[in-house]
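Each chain gets a letter, A, B and so on, in the order its sequence line appears, and its residues count up from 1. This structure is a prediction, so every number in the text was calculated from the model and none was measured.
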2 protein chains.
Amino acid sequence: MSEYQHTCMIRGDNGQTLRAILDQICNKWTLLIVVTLDQGAVRFTDLHQQIPGISQRMLTLTLRNLERDGLVSRTAYPEAPPRVEYALTPTGQSLIPPALALAGWAIEHVPGIEASREAYRARIPR
Amino acid sequence: MSEYQHTCMIRGDNGQTLRAILDQICNKWTLLIVVTLDQGAVRFTDLHQQIPGISQRMLTLTLRNLERDGLVSRTAYPEAPPRVEYALTPTGQSLIPPALALAGWAIEHVPGIEASREAYRARIPR
DNA sequence: CGGCATCCCGTCTGATACTG
DNA sequence: CAGTATCAGACGGGATGCCG
């Protein structure tokens, strides 16, 4: 699909369903979790440690949403102590390249954006 | 920069500054406005009409943030009636490819995600 | 025309405590 | 270990009205 057709579709359906999906993807933790899961199957606690700042609650909720949307698979092993592994589905893996593209853009432009914000704050003190 | 280095950086700085920027980009309207501005300079009212569902308030706020971050330029023409045009800066234009990549992914996977949600709801009725 | 100010509500998020 | 439950605060976002 061409770039032009993409822009058409973005504005085509009034962005309703598209934005609904994008809202799900672009929340506080989703992209970070997806990228973290790129390494393979990861246990709940490991995820919790590899994503500093996330609360147990938000990790659970975000994983549930990702599972519901078919981007992440959840596998519980009936052992003691319990073990649950999360992994990307093929759909979830297909999100990696665009996610990295966006993350890469952000990383490359963080300095410029920060500088711009500084300048803006200096221009309008309050 | 390689893909590997990107993933490292994403997890490297604990995602703090990165997530801060990503949060700004991935809110409800930013990507849609940026893509809409890809056509060139657009007036406030035109933008308001081309992005159905957005309120005047959110259009203003989002444009201010984009201006503060140096992604969008705001040009006011001292005329009567007043005319204000918004356009992408070079930094803003550099966001277009990643934004389209993500939007393209969303468009391609909307059906699958919707289906997955349906199945999920059927599996867990309440 | 292109805003800004105000009010208000629903959602998101974090902290804490408890459970199979 | 891997969650769930509950509460409270922050925040996003819509509606409305006023202004240069």
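- In terms of modelled atom types and a separation under 3.5 Å, the side chain of Thr62(A) and the main chain of Met58(A) share a donor-acceptor contact.
- The heavy-atom pair separating Trp105(A) from Pro98(B) by the smallest distance is CB-CG, 3.9 Å.
- The stretch residues 56-79 of chain B touches DNA chain D through Arg57(B), Met58(B), each having a heavy atom within less than 4.0 Å of the strand.
- As a whole-Å value, the separation of Trp29(B) CH2 from dG13(D) C1' is 9 Å.
- The listed nucleotides are dC1(D), dG3(C), dC1(C); the one nearest the side chain of Arg43(B) is dC1(C).
- Picking from dG14(D), dA2(D), dC1(C) the nucleotide with the shortest atom distance to the side chain of Thr45(A) gives dA2(D).
- Judged by distance alone, the side chains of His109(B) and Thr91(A) never bring a donor and an acceptor atom under 3.5 Å apart.
- Between the Ser116(A) side chain and the Gly112(A) main chain, no donor and acceptor come within less than 3.5 Å of each other.
- Projected onto DNA chain C by closest heavy-atom contact, Asp46(B) and Ser55(A) fall at different nucleotides, the more 5' of which corresponds to Asp46(B).
- For Phe44(A) and dA2(D), the CZ to P distance is 8 Å, given to the nearest whole Å.
- At the phosphate of dG3(D), OP1 or OP2 sits under 4.0 Å from a side-chain N or O atom of Tyr86(A).
- Thr30(B) contributes a side-chain N or O that, together with a main-chain N or O of Gln24(B), makes up a donor-acceptor pair within less than 3.5 Å.
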